[in-house]
Number of protein chains: 2
Amino acid sequence: MTKPADPESNLSTEEKIKRAATEVFAQKGFAATRTRDIAEAAGINLALLNYYFRSKQKLFDGIMLEKLQELFGRIAPIFTDTSTSLEKKIETFADSYIETLIKNPELPLFVLSEIRTHPESLTQIIQIGELFTTSSFAQQLKARRPEANPLHFIMCLLGMTVFPFIAKPLLKSKAAMDDASFNILMTERKQLIPMWMDSILQNPVQS
Amino acid sequence: MTKPADPESNLSTEEKIKRAATEVFAQKGFAATRTRDIAEAAGINLALLNYYFRSKQKLFDGIMLEKLQELFGRIAPIFTDTSTSLEKKIETFADSYIETLIKNPELPLFVLSEIRTHPESLTQIIQIGELFTTSSFAQQLKARRPEANPLHFIMCLLGMTVFPFIAKPLLKSKAAMDDASFNILMTERKQLIPMWMDSILQNPVQS
DNA sequence: GTCTATACAAAGATAGAC
DNA sequence: GTCTATCTTTGTATAGAC
């Protein structure tokens with residue numbers, strides 16, 4: 001009685017706005033979303049949105065920060081862990097990251113799109129650069145294949161893992177792919193990508 | 001005298017508007033660009049923009065179609081060519097596509113971003129689905145590795161090739177990467193990607 | 001074809017009552 | 001805290017002179 005069943009109604013107004021905004025922003029991008037739409041989706045008045053968050057920009061910034069953390073927060077601990085092998089890192093990454101992306105398939109394209117048009121969104125966020133250049137993962141790659149820039153292999157791993165999710169709108173509309181079969185394919189990749197990375201990282205036969 | 005040296009001044013007004021629009025749209029996306037900005041960038045009056053193109057939307061549609069053709073028109077002939085081997089296709093693709101992307105690095109993220117928020121942009125364009133499922137390339141992949149969905153390998157190839165360009169804003173801002181060294185890396189990948197794809201496509205040792 | 005001036009609509013933000 | 005009503009700005013599009 002005091003706690004109604006409807007989970008939405010329990011949320012604070014601030015939280016309701018934030019959730020509605022997250023959804024609308026993800027769907028239309030920052031520029032195309034109207035604060036009025038957010039207010040409507042949240043079931044509240046437009047004025048209230050400006051009461052809680054000072055402006056559309058401030059509301060967006062908060063959400064963007066959360067998304068960035070969802071997207072990169074998961075990579076960092078895996079890549080910097082000095083106690084795991086190269087192979088183990090790749091395996092853990094593929095498994096856990098694909099799992100995350102299946103649950104949030106629109107995340108990468110949303111974040112990258114907004115970074116493109118507002119590079120300052122990145123100012124907030126952490127040391128991503130380190131992951132690419134000085135992390136334990138980068139060092140192990142350099143040790144394994146000293147002749148090549150470790151970035152090459154990182155781009156392979158990320159590309160093979162993330163790209164399908166970025167291209168998903170294309171697949172859905174042009175290859176008649178539905179969510180279920182897409183997810184099956186992605187799940188298969190949890191095993192496939194580590195195998196493929198192994199092949200790639202194999203030192204070529206001495207010639 | 002009759003042909004001034006400045007290449008810009010030679011262009012028709014229509015063409016000047018189109019070029020300016022291409023640039024501004026690519027930078028800010030459809031929703032965030034103002035027709036006034038385009039007019040200013042083109043060095044003409046706002047009214048003139050509406051004289052040549054009936055609306056912002058129509059102007060955008062024309063540009064988007066061009067971009068889609070730039071992006072996919074190059075893949076189609078390579079993937080559908082029945083006279084070339086699997087290896088040759090991969091080699092040709094990597095070489096020619098990376099070349100294109102170095103000249104238009106913002107192309108993939110721009111197109112994919114706009115597709116995300118306006119899936120109807122794709123309605124115009126050709127049979128991309130075929131490339132993924134029934135093209136000569138897909139058939140050759142299926143013949144080589146019958147146990148796996150050919151899409152897996154296509155996603156690998158596209159991911160390894162295109163993803164770095166999509167992630168470029170990130171690399172520039174977070175890995176302190178400038179255009180010159182980025183392009184060097186990409187050029188290296190023209191040779192590396194075919195090698196890697198060969199490794200991936202190698203049938204695993206019988207176990 | 002090109003301009004100036006302006007109409008018209010939409011969107012972000014605020015004032016003030018309750 | 002929440003609403004209604006309104007201000008201000010910005011953006012698309014058009015009218016009409018040259």
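From a predicted model like this one, the values you see are computed outputs, not experimental measurements. Here is the naming used below: chain letters follow the sequence lines, and residue numbers restart at 1 for every chain.
Between A/Phe53 atom CZ and C/dG12 atom C1' the separation is 16 Å, expressed in whole Å. Rounded to a whole Å, the CD1 atom of B/Ile44 is 9 Å from the P atom of C/dT2. To the nearest angstrom, P of C/dA11 lies 12 Å from CD1 of A/Ile38. Rounding to whole angstrom units, CG of residue A/Leu11 and P of D/dG1 are separated by 16 Å.
When the side chain to side chain contact (heavy atoms under 4.5 Å, CB included) test is applied to B/Thr92, the partners found at least two apart in sequence or on another chain are B/Ile78, B/Lys88. Legend: residues meeting ring-ring contact (aromatic ring centres under 6.0 Å, His included) with B/Phe182, ordered by chain and number and at least two apart, are B/Phe165.
Between A/Lys89 and A/Ser136 there is a side-chain heavy-atom pair separated by less than 4.5 Å. Using a 4.5 Å heavy-atom threshold, the side chains of A/Leu141 and A/Leu201 count as touching.
The ring-ring contact (aromatic ring centres under 6.0 Å, His included) pairs that include a residue from residues 84-105 of chain B are B/Phe79-B/Phe93, B/Phe93-B/Tyr97, where partners are two or more places apart or lie in different chains.
Using cut-offs of 30° and 60° on the angle between ring planes, the pair A/Phe25 and A/Phe60 is perpendicular.
As judged by a 4.0 angstrom heavy-atom cut-off over every strand, B/Tyr52 is placed among residues touching the sugar-phosphate backbone only.
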Using a cut-off of under 3.5 Å, enumerate the N/O to N/O pairs linking the protein to nucleotides 13-15 of chain C.
{"residue": "C/dA13", "atom": "OP2", "partner": "A/Lys56", "partner atom": "N", "Å": "2.9"}

For a quick test of your reading: what N or O donor-acceptor pairs under 3.5 Å do the side chains of residues 184-191 of chain A make, sequence neighbours left out?
{"residue": "A/Thr187", "atom": "OG1", "partner": "A/Asn183", "partner atom": "O", "Å": "2.8"}
{"residue": "A/Arg189", "atom": "NE", "partner": "A/Met160", "partner atom": "O", "Å": "3.3"}
{"residue": "A/Arg189", "atom": "NH1", "partner": "B/His152", "partner atom": "O", "Å": "3.2"}
{"residue": "A/Arg189", "atom": "NH2", "partner": "A/Met160", "partner atom": "O", "Å": "3.0"}
{"residue": "A/Lys190", "atom": "NZ", "partner": "A/Glu99", "partner atom": "OE1", "Å": "2.4"}

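In this structure, the separation between CZ on B/Phe163 and CZ on A/Phe163 is 10.0 Å, given to the nearest 0.5 Å.
Side-chain nitrogen and oxygen atoms of A/Thr13 include none within less than 4.0 Å of the OP1 or OP2 phosphate oxygen of D/dG1.
Contacts between residues 27-34 of chain A and DNA chain C, defined by a heavy-atom separation below 4.0 Å, involve A/Thr33, A/Arg34, listed by number.
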